[in-house]
S.K.: 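The structure follows.
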Amino acid sequence: MVLLFPFPSHNASLSFSLTTSNLKLTAAPLPPLLSLPLPLRQTLLRKSNTKCDAVADIKPVPPLEEDHQVLVGPATEEERRGERVVADYDWTEEWYPLYLTQNVPDDAPLGLTVFDKHIVLYRDAEGHPRCYEDRCPHRLAKLSEGQLIDGRLECLYHGWQFEGNGKCVKIPQLPGDARIPRSACLRTYEVRDSQGVVWVWMSQKTPPNIDKIPWFENFARPGFQDTSTTHELPYDHSILLENLMDPAHIPISHDRTDWTAKREDAQPLGFEVTERTDRGFAGWWGKAKDQPLPNFLRFEAPCVLQNNRELVDENGEKHYFTGLFLCRPTGQGKSMVIVRFGGTKRSPLSKLFPQWYFHQNAGKVFEQDMGFLSSQNEYLMKSKVPTKELYLNLKSSDTFVAEYRKWMDKVGHGMPYHFGHSTISLPKEPAVVEHAPAGLVAGVSASSPAKGGIGTMHAPNLANRYFRHVIHCKGCRTVIKAFQVWKNALTAAALALTALAILATGRQWKALLLVLATLCSAGVYGCSTAIALNTTNFIRIHRRL
């Protein structure tokens with residue numbers, strides 16, 4: 001799976017935080033720090049701790065000549081002239097991926113977010129997806145905490161029920177001769193099911209533009225099969241996207257995760273950006289020595305990243321492979337990604353493994369990146385400066401990362417907040433932390449196979465793989481419950497067989513019963529291992545615990 005899997009970005013302690021275009025090197029001593037603005041003091045302190053001989057005076061230091069050869073530089077004529085290109089953009093006038101269609105529950109509402117907008121998704125009596133603002137008009141209770149009654153969404157606070165286009169159809173406390181107020185209706189959002197994904201149009205002012213729903217050609221090809229997973233992650237969707245655009249980190253961060261990633265394979269990569277539009281960019285990449293470059297990457301606003309590759313077999317037949325990442329912003333410092341890997345030809349080896357094995361491996365891959373991506377997110381929020389002041393983007397690894405941040409310079413004005421290459425806009429409101437579990441989290445934390453006790457693997461916690469993936473995946477939930485049932489049954493059988501072996505008088509009977517008890521114990525161990533694979537976070541063994 002890692003052949004097309006995520007890729008992180010690279011922070012650097014050496015940074016230039018000044019923006020004037022007159023640049024020079026100086027060997028003069030540092031000016032008195034207390035007389036300088038705070039951002040400049042921080043930058044000079046960082047530089048004083050590096051091994052560079054030259055230091056910056058009040059103007060930024062240009063890269064040395066040899067740095068120009070390895071660092072990403074201006075890519076367009078406008079950028080070379082220092083001109084900023086601004087495109088029309090409104091983040092609400094977009095389709096956002098909500099959920100895999102197969103995982104939308106039939107028996108309960110699902111609470112989700114897009115940036116800071118809380119919405120509730122459910123299936124009506126006919127099985128059609130419906131989406132509303134996640135607030136009851138009565139007293140603002142979360143509808144995702146409610147339940148479904150005959151295909152209607154019921155608020156569990158006072159039992160108000162809603163259906164179809166958000167119309168309130170029942171208020172238990174209303175007198176029999178009274179009519180339901182017309183104002184007791186919900187704000188609705190348009191949703192569409194396309195190629196196995198439910199998409200939501202977030203604008204309340206502009207009618208949905210069906211032409212903007214992404215269409216993935218490879219997924220429509222005959223014989224195309226994919227493995228799809230969903231993961232919640234504790235860092236911003238822009239961090240997630242640039243991580244997925246960075247193939248250079250795979251050999252290092254995901255070393256030996258499977259047979260495709262080895263740290264000794266880390267090497268310079270080649271990149272060629274062939275398209276730049278107001279809605280994203282596209283280009284080729286691969287090992288620098290491989291020409292032509294074999295992999296094609298496309299980023300399409302606001303959430304879609306796909307990696308495509310075409311191979312021709314010995315019979316001259318062409319096969320298509322895609323790694324698709326649908327990245328939804330779920331709030332400050334949070335995101336959700338739908339990962340879909342597939343192709344028109346599958347490796348015979350992959351058929352030997354169950355689907356849950358690939359799902360847990362995907363969780364492991366994200367956990368290998370999670371620590372430094374979360375800390376990167378925190379650093380960006382605290383620094384409050386554009387990424388060009390913080391990153392050292394190499395031509396041989398970070399070209400797409402720089403391209404993505406430059407794209408955000410074009411459209412960031414139309415987002416709730418953004419961190420671009422040379423521009424930023426900070427969130428207007430601080431992040432809201434909900435201490436009580438809500439929606440689906442509350443439902444799962446109070447149900448089998450555990451009761452959601454604090455300290456258990458099922459306690460609501462996004463640092464926990466169970467709540468980042470398993471609650472969003474019907475298949476993995478079913479598998480874990482099945483393994484739990486088998487584990488309990490085999491444990492009981494092992495105890496019973498051991499007791500019978502103690503009571504048995506014949507030596508042959510004792511031996512047979514003990515062998516059977518041992519096999520049952522081995523089965524218990526196997527079930528426990530499978531449960532742990534699906535619910536336990538990956539931890540690097542070089543870390544001290």
S.K.: Would you compute the distance between atom CG of D193 and atom OH of Y99 and round it to the nearest 0.5 angstrom?
M.R.: 14.5 Å

S.K.: In plain terms, say whether R81 and E83 are close enough for a salt bridge, that is, a side-chain N and a carboxylate O under 4.0 Å apart.
M.R.: yes

S.K.: State whether the side chain of T277 and the backbone N or O of R279 hold a donor-acceptor pair below 3.5 Å, judged by distance alone.
M.R.: yes

S.K.: Just to verify, which of H418, R405, K406, K388 counts as forming a side-chain hydrogen bond (donor to acceptor under 3.5 Å, both in side chains) with T423?
M.R.: H418

S.K.: When rounded to the nearest 0.5 angstrom, what is the spacing between CZ in R468 and OG1 in T230?
M.R.: 13.0 Å

S.K.: Taking the six-membered ring for Trp, are W95 and W201 parallel (under 30°), tilted (30 to 60°) or perpendicular (over 60°)?
M.R.: tilted

S.K.: Specify the closest pair of heavy atoms between I252 and A266, including all atoms of both residues, with the distance to one decimal.
M.R.: CD1-CB, 3.9 Å

S.K.: Checking side chain to side chain contact (heavy atoms under 4.5 Å, CB included) for the pair L394/V72: CA distance, chi angles, key distance, verdict?
M.R.: CA-CA 6 Å; L394 300 179; V72 175; 5.9 Å; no

S.K.: I want to check something: taking the side chain as every heavy atom from C-beta on, are Y89 and K410 in contact at a cut-off of under 4.5 Å?
M.R.: no

S.K.: Would you please classify the geometry between the F400 ring and the F281 ring as parallel, tilted or perpendicular, with 30° and 60° separating the classes?
M.R.: tilted

S.K.: Would you call the rings of H231 and F366 parallel, tilted or perpendicular if under 30° counts as parallel and over 60° as perpendicular?
M.R.: tilted

S.K.: Looking at R477 and I471, would you say the former's side chain and the latter's main chain have a donor-acceptor pair under 3.5 Å?
M.R.: yes

S.K.: Hey, what do you get for CG (L373) to CD (E367), rounding to the nearest 0.5 Å?
M.R.: 12.5 Å

S.K.: Any donor-acceptor pair under 3.5 Å linking the side chain of H359 with the backbone of S228?
M.R.: yes

S.K.: Pick out which of F358, F321, F325, F219 makes a ring-ring contact (aromatic ring centres under 6.0 Å, His included) with F341.
M.R.: F325

S.K.: Is there side-chain contact between L269 and S397, with heavy atoms separated by less than 4.5 Å?
M.R.: no

S.K.: Please name the pair of heavy atoms, one in R465 and one in G363, separated by the smallest distance, quoted to 0.1 Å.
M.R.: NH2-C, 4.1 Å

S.K.: Between F419 and I424, does the side chain to side chain contact (heavy atoms under 4.5 Å, CB included) criterion hold? Intermediate values first, please.
M.R.: CA-CA 5 Å; F419 288 86; I424 64 168; 3.9 Å; yes

S.K.: Identify the two heavy atoms, one from W199 and one from P97, that lie closest to each other, and give their separation to 0.1 Å.
M.R.: CE3-N, 3.5 Å

S.K.: Are side-chain heavy atoms of L244 and C327 found at a separation under 4.5 Å?
M.R.: yes

S.K.: Assess whether a salt bridge exists between K212 and E93, defined as any Lys/Arg side-chain N lying under 4.0 Å from an Asp/Glu carboxylate O.
M.R.: no

S.K.: Taking the side chain as C-beta and beyond, is there a heavy-atom pair between V337 and L326 under 4.5 Å?
M.R.: no

S.K.: Can you check ring-ring contact (aromatic ring centres under 6.0 Å, His included) on Y122 and Y132, steps first, answer last?
M.R.: CA-CA 9 Å; Y122 77 99; Y132 309 136; 5.6 Å; yes

S.K.: Would you say CD of Q204 has more than 12 non-hydrogen atoms from neighbouring residues, nucleotides or ligands within 6.0 angstrom?
M.R.: yes

S.K.: Kindly indicate whether the side chain of P302, heavy atoms from C-beta on, has any atom under 4.5 Å from the side chain of W91.
M.R.: no

S.K.: Just by distance, no angles: are the side chains of Q376 and E242 close enough, under 3.5 Å, to form a donor-acceptor pair?
M.R.: yes

S.K.: Has N361 got a side-chain atom pairing as donor or acceptor with Y357's backbone, closer than 3.5 angstrom?
M.R.: no

S.K.: Test Q195 against W215 for side chain to side chain contact (heavy atoms under 4.5 Å, CB included), laying out the working first.
M.R.: CA-CA 8 Å; Q195 293 185 296; W215 179 259; 3.4 Å; yes

S.K.: With distance as the sole test, does W407 use its side chain to make a donor-acceptor pair with the main-chain N or O of D278 at under 3.5 Å?
M.R.: yes

S.K.: Where the side chain of S335 meets the backbone of Y235, is there a donor-acceptor pair that is under 3.5 Å apart?
M.R.: yes

S.K.: Can you name the closest pair of heavy atoms from P214 and S194 and give their distance?
M.R.: O-OG, 4.1 Å

S.K.: Once rounded to the nearest 0.5 Å, what's the spacing between atom CG of L240 and atom SG of C303?
M.R.: 10.0 Å

S.K.: Considering non-hydrogen atoms only, spot the tightest contact between G333 and N377 and give its length.
M.R.: CA-OD1, 3.8 Å

S.K.: Output the distance between atom OG1 (T113) and atom CE (M336), rounded to the nearest 0.5 Å.
M.R.: 8.0 Å

S.K.: Check whether any side-chain N or O of D255 sits under 3.5 Å from a backbone N or O of R263 as a donor-acceptor pair, and report yes or no.
M.R.: yes

S.K.: May I ask you to test the Y417-S238 pair for a side-chain heavy-atom distance under 4.5 Å?
M.R.: no

S.K.: Should R298 and E300 count as an ion pair when the cut-off is N to O under 4.0 Å?
M.R.: no

S.K.: Can you list the steps and then say if Y391 with H421 is a ring-ring contact (aromatic ring centres under 6.0 Å, His included)?
M.R.: CA-CA 9 Å; Y391 292 4; H421 178 69; 8.8 Å; no

S.K.: Does the side chain of S396 reach to within under 4.5 Å of the side chain of V70, using non-hydrogen atoms?
M.R.: no

S.K.: May I have the step-by-step check of side chain to side chain contact (heavy atoms under 4.5 Å, CB included) for Q306 and L324, ending in yes or no?
M.R.: CA-CA 4 Å; Q306 56 179 317; L324 178 63; 3.8 Å; yes

S.K.: Taking the side chain as everything from C-beta on, heavy atoms only, tell me whether M370 gets closer than 4.5 Å to P234.
M.R.: yes

S.K.: Drop me the distance from T399's OG1 to L297's CG, to the nearest 0.5 angstrom.
M.R.: 11.5 Å

S.K.: Just checking, is any N or O donor in the side chain of N534 or H469 under 3.5 Å from an acceptor N or O on the other one?
M.R.: no

S.K.: Considering non-hydrogen atoms only, spot the tightest contact between P105 and K474 and give its length.
M.R.: CA-CE, 4.2 Å

S.K.: Backbone N or O of G111 within a donor-acceptor pair of the D134 side chain at under 3.5 Å?
M.R.: no

S.K.: Can you tell which of H472, K334, R328 makes a side-chain hydrogen bond (donor to acceptor under 3.5 Å, both in side chains) with E232?
M.R.: H472

S.K.: So, does N295 use its side chain to make a donor-acceptor pair with the main chain of W285 at under 3.5 Å?
M.R.: yes

S.K.: Got a donor-acceptor contact below 3.5 angstrom from the N103 side chain to the C473 backbone?
M.R.: no

S.K.: Looking at E264 and R256, does any basic side-chain N land under 4.0 Å from a carboxylate oxygen?
M.R.: yes

S.K.: Side chain to side chain contact (heavy atoms under 4.5 Å, CB included) with I338: which of V198, T229, L98, V197?
M.R.: V197

